Amino acid sequence: LFGFPKAGDTVVFAHSHYGTLIKRIRSIDKEGWIYVAGNSESSLDSRRLGPIRREAIRGRVLAHFPKPRRY
């Protein structure tokens, strides 16, 4: 629907140990392995998850609506 994802895109993908995750693509190597990054130092990324296969990607995030803060 939206073509092959590229670096900088935020994607939804399935991981065998962590379930469904949403991460930003950091890079894609020549063989098609996708490396993802988290938004904070403590979040999961490809250093812990390993590279992601293209087939694991379920879609691209088009908009993100954060939960409202309660004061």
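On a predicted model such as this, the values are computed, not experimentally measured, just so you know.
Put simply, the residue from Leu21, Ile22, Ile57, Ile34 that forms a side chain to side chain contact (heavy atoms under 4.5 Å, CB included) with Val11 is Ile57.
Residue pairs meeting the salt bridge (Lys or Arg N to Asp or Glu O under 4.0 Å) criterion with at least one partner in residues 26-42, sequence neighbours excluded, do not occur; the list is empty. Among pairs with a residue in residues 61-71, none fulfils salt bridge (Lys or Arg N to Asp or Glu O under 4.0 Å), at least two apart in sequence or across chains. Among residues at least two apart or in separate chains, side-chain hydrogen bond (donor to acceptor under 3.5 Å, both in side chains) pairs with a member in residues 45-59 are Thr20-Arg58, Asp45-Arg47, Arg53-Glu55.
The salt bridge (charged side-chain N to carboxylate O under 4.0 Å, His left out) check on Asp9 picks up Lys6, Arg60, with sequence neighbours excluded. Partners of Ser27 according to the side-chain contact (heavy atoms from CB on, under 4.5 Å) rule, which considers only residues two or more places apart in sequence or in another chain, are Tyr35. Scored by the side-chain contact (heavy atoms from CB on, under 4.5 Å) test, Ser16 finds no partners at all (sequence neighbours excluded).
In this structure, Phe4 is a member of the same hydrophobic cluster as Ile25, with clusters built from ILVMFWY side-chain heavy atoms closer than 4.5 Å.
Atom CZ in Phe13 sits 5.5 Å away from atom CG in Leu49 (nearest 0.5 Å).
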Please report the C-alpha distance between Trp33 and Ile52 in whole Å, then the side-chain angles of each, then the deciding distance to 0.1 Å, and finally whether the side chain to side chain contact (heavy atoms under 4.5 Å, CB included) criterion is met.
CA-CA 6 Å; Trp33 288 100; Ile52 309 301; 6.0 Å; no
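Residues Ser40 and Ser43 share a closest heavy-atom pair of O-OG, 3.0 Å.
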